[in-house]
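Working notes, beginning with the structure itself.
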Amino acid sequence: GPPPTATPASGGHLLGTLGYHQLATLGFQPSILVNATPVGMHPDADAAPVDLAAMSLPPRLVYDLVYNPSPTILMRHAAALGIPAVDGLAMLHLQADLSWDLFRRL
């Protein structure tokens, strides 16, 4: 069968990457934390991919690519900690604009 792949739940060990649960103990402050997972939208709308409050040095900005619902739980947690947070709606609009431009060129 195909080789196993790393997931947030597995901690990403198979690919040499970091899992969400490891972010809290890294000891450095990321400038931006990007949620590029579906966690935060239906059916996981009541979940966040990482506990920002548990991070020793939380990020300076949270960019949650989820745009529905907005704000997401992750964005709410960021706001409670005074961290600016942005949803993915602007990116969705930019992607639609670029797709429209490409379509018109056909």
Side-chain angles (χ1 to χ4, degrees):
T5 57
T7 65
S10 72
H13 296 106
L14 296 173
L15 298 178
T17 58
L18 298 172
Y20 297 125
H21 63 282
Q22 294 167 309
L23 288 174
T25 60
L26 290 179
F28 73 93
Q29 185 173 28
S31 295
I32 301 173
L33 184 132
V34 178
N35 176 29
T37 74
V39 176
M41 57 191 275
H42 180 75
D44 293 320
D46 293 331
V50 65
D51 182 0
L52 295 172
M55 295 179 73
S56 56
L57 293 168
R60 294 182 181 109
L61 173 73
V62 170
Y63 188 13
D64 196 343
L65 296 181
V66 174
Y67 55 87
N68 185 14
S70 185
T72 62
I73 296 295
L74 179 62
M75 293 174 67
R76 288 180 186 169
H77 290 173
L81 295 170
I83 302 168
V86 180
D87 69 17
L89 189 58
M91 187 175 81
L92 176 69
H93 289 170
L94 289 170
Q95 288 174 329
D97 289 344
L98 291 171
S99 295
W100 180 247
D101 288 343
L102 289 172
F103 176 76
R104 290 184 337 179
R105 293 179 191 180
L106 292 179

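All residue numbers in this chain count up from 1 along the given sequence. Quick caveat: nothing in here was measured; it's all calculated off a predicted structure.
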Go through the structure and list residues passing salt bridge (Lys or Arg N to Asp or Glu O under 4.0 Å) with Arg104, not counting sequence neighbours.
-> Asp101

Kindly compute the distance separating [atom1] ([X]) from [atom2] ([Y]), expressed to the nearest 0.5 Å.
{"X": "Asp97", "Y": "Leu92", "atom1": "CG", "atom2": "CG", "value": "9.5 Å"}
{"X": "Thr72", "Y": "Met41", "atom1": "OG1", "atom2": "CE", "value": "11.5 Å"}
{"X": "Met91", "Y": "His93", "atom1": "CE", "atom2": "NE2", "value": "11.5 Å"}
{"X": "Asp64", "Y": "Arg76", "atom1": "CG", "atom2": "CZ", "value": "11.5 Å"}

For a 4.5 angstrom cut-off between non-hydrogen side-chain atoms, does [X] reach [Y]?
{"X": "Leu52", "Y": "Met55", "value": "yes"}
{"X": "Val34", "Y": "Leu65", "value": "yes"}
{"X": "Pro49", "Y": "Leu74", "value": "yes"}

Can you name the one residue among Val50, Leu81, Leu33 that meets side-chain contact (heavy atoms from CB on, under 4.5 Å) with Pro59?
-> Leu33

Treating Ile, Leu, Val, Met, Phe, Trp and Tyr as nodes and any side-chain heavy-atom pair under 4.5 angstrom as an edge, say whether Ile73 and Val66 lie in one connected cluster.
-> no

Within one Ile-Leu-Val-Met-Phe-Trp-Tyr cluster: Ile32 and Val86, side-chain cutoff 4.5 Å = yes

Nearest heavy atoms of Gly40 and Pro69, plus distance in Å | O-CD, 3.4 Å

Shortest non-hydrogen separation from Pro84 to Leu61 and the atoms involved | O-CD1, 3.4 Å

Please list all pairs passing the ring pair (Phe, Tyr, Trp, His ring centres under 6.0 Å) test where one or both residues lie in residues 49-81, with sequence neighbours left out.
-> none

